[in-house]
*Asks:* 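Can you read through this structure? Questions will come right after.
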Amino acid sequence: MDTSTYKNIVSFLPPARTLMGPGPSDVHPRILAAMARPTIGHLDPAFVGMMEELKTLLRYAFQTENALTFPVSGPGSVGMETCFVNLVEPGDKIIVCRNGVFGGRMIENVRRCGGVAVVVEDVWGTAVDPGKVEEAFKVHSDTRILAFVHAETSTGAQSDVKTLVDIAHRYGALTIVDAVTSLGGTPLKIDAWDVDAVYSGSQKCLGCTPGLSPVSFGERVVDAIKHRKTPCQSWFMDLDLVLAYWNATQRTYHHTAPINPLYGLHEALVMLKEEGLENAWARHALNHRALKAGIEAMGLSFFVSESQRLPQLNAVTLPQDADDAEVRRRLLADYNLEIGAGLGDMAGKIWRIGLMGYSSREENVLLCLRALEETLAATGAQIKTGVAQAAAKGVYAVK
Ligand SMILES: *Cc1c(COP(=O)(O)O)cnc(C)c1O
């Protein structure tokens, strides 16, 4: 190989950004420091002890006593697949709710597992309609599982987990809930709401780096997996095999756990415990109210109606004369600020401003409002200037 192709490549030094998109969110220095600690073996007793604490902390975050609660080695998408490949067998009927991009991915998962997806559609930007789910169960009483997204990151809409789970259980079905964006940011109560299978992600409201997917499974799921007619088609995600690693006192090798990222998740969860889960929810709500005050003072509006809006993912409708790509380019170049573009059908229609985890703090809200205001004004969009920051500060003053 010609050495000139690589001789100028040196260590990568990322720019310092403020992350206010749909994830990853800003990672606290304490978490980055934890990840820089020495790598030890994944069967080392010290590491096994850390993993036990990690499972305990995850039960707190999920508000569950489920024994089967652990971080899958992979991003949220792997947590999603872990649920589907273990629970769906060929021919199974699954009701999947689609009110955004991630519901669509669930449908794809069902199909790839050989299942039959009955799709309940809702308009993007609205919550899943329990009435439609009930109707679907009446028509398809042989449904085995109901699957839906709690916090739709593609639109900023939040669905009512408890009501949907209750419907599924009345018809004897299990539930798979996507809580990737809700865990740690908005109330999520796995036991009180009787959720059967749930997956999340490390990089959203937990504020850790991407690449880990906390999951939790109740007794009904354990039972369903034990009674599978066919072996799980994925070797890596087969819970029977993974559990021999995560749950056993005498651990044997399954795969090499991502040691340092797990230190990071442990630290993120210690920080969540120190803050208190309810306080974390309240912080996400407060910063949302401050951002909202500023956004609305500028004359911009929210895409999702107030009662269904997620505090940690703010979908803001683009003003008519705004240049989507140019505004986001300038935010990054001039302010080191990343916000999210619209995904799928929402591309060019909304911006997604994340206030997740460590990104959910006053200085980020104020930076975002200032940067958006200056950039929109400079690119000729019709907004009200000079009022957004004061509106947000007004919310913090009365908190
Ligand atoms: C981010 C996200 C995922 C996927 O997580 P990755 O870590 O990107 O694989 C799944 N569902 C929802 C709702 C998400 O926001």
Side-chain angles (χ1 to χ4, degrees), residues 19-27 31 58 62 71-85 96-110 112 122 124-128 147-161 164 175-188 195 197-216 234 236-237 258 261-262 264-265 268 284 303-304 308-315 338-347 350-357 359-360:
L19 301 179
M20 298 184 72
S25 43
D26 286 345
V27 180
I31 296 171
L58 277 178
F62 274 126
V72 169
S73 302
S77 305
V78 181
M80 180 190 277
E81 287 221 32
T82 297
C83 292
F84 285 92
V85 295
V96 186
C97 306
R98 173 164 56 190
N99 60 340
V101 166
F102 293 100
R105 290 197 181 171
M106 287 177 148
I107 296 168
E108 191 58 30
N109 268 271
V110 169
R112 287 179 186 225
D122 276 292
W124 288 30
T126 66
V128 172
F148 62 92
V149 179
H150 180 199
E152 233 322 332
T153 324
S154 63
T155 68
Q158 162 156 232
S159 292
D160 181 349
V161 175
L164 295 170
T175 47
I176 296 176
V177 177
D178 177 320
V180 175
T181 282
S182 52
L183 183 67
T186 204
L188 173 70
V195 173
V198 62
Y199 60 90
S200 189
S202 48
Q203 78 277 30
K204 310 229 174 165
C205 294
L206 296 179
C208 187
T209 52
L212 292 169
S213 178
V215 294
S216 185
S234 163
F236 182 70
M237 286 175 275
L262 288 166
L265 183 60
H284 283 87
F303 177 63
V304 176
Q308 302 184 339
R309 211 175 277 165
L310 283 167
Q312 64 274 52
L313 195 285
N314 295 267
E338 178 181 283
I339 65 167
L343 202 57
D345 290 358
M346 298 292 106
I350 58 170
W351 285 313
R352 293 179 300 151
I353 304 176
L355 288 171
M356 301 185 193
S359 290
S360 185

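Both ligands and their constituent atoms are indexed starting at 1 by order of listing.
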*Asks:* Using 0.5 Å steps for rounding, measure from the OG1 atom of Thr155 to the CZ atom of Arg352.
*Replies:*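 It comes to 9.0 Å.
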*Asks:* Might you point out which heavy atoms bring Pro311 and Gly185 nearest each other, and give the distance in Å?
*Replies:*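 It is CG-O, 4.5 Å.
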*Asks:* Does anything in residues 74-83 form a side chain to side chain donor-acceptor pair (under 3.5 Å)? List the pairs, not counting sequence neighbours.
*Replies:* none
*Asks:* What are the two closest non-hydrogen atoms of Ser73 and Leu212, and how far apart are they?
*Replies:* CA-CD2, 4.2 Å
*Asks:* Around ligand 1, what residues show up once you keep those with a heavy atom under 4.0 Å from it?
*Replies:*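 If the criterion is a heavy atom under 4.0 Å, then ligand 1 touches Pro75, Gly76, Ser77, Phe102, Val149, Ala151, Thr153, Asp178, Val180, Thr181, Gln203, Lys204.
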*Asks:* Could you pull out the closest heavy-atom pair between Gly125 and Gln308, with the gap in Å?
*Replies:*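 For Gly125 and Gln308, the tightest heavy-atom pair comes out as O-OE1, 4.3 Å.
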*Asks:* Would you name the heavy atoms of Ser154 and Gly100 that are closest together and state the gap between them?
*Replies:*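 Result for this residue pair: OG-CA, 3.5 Å.
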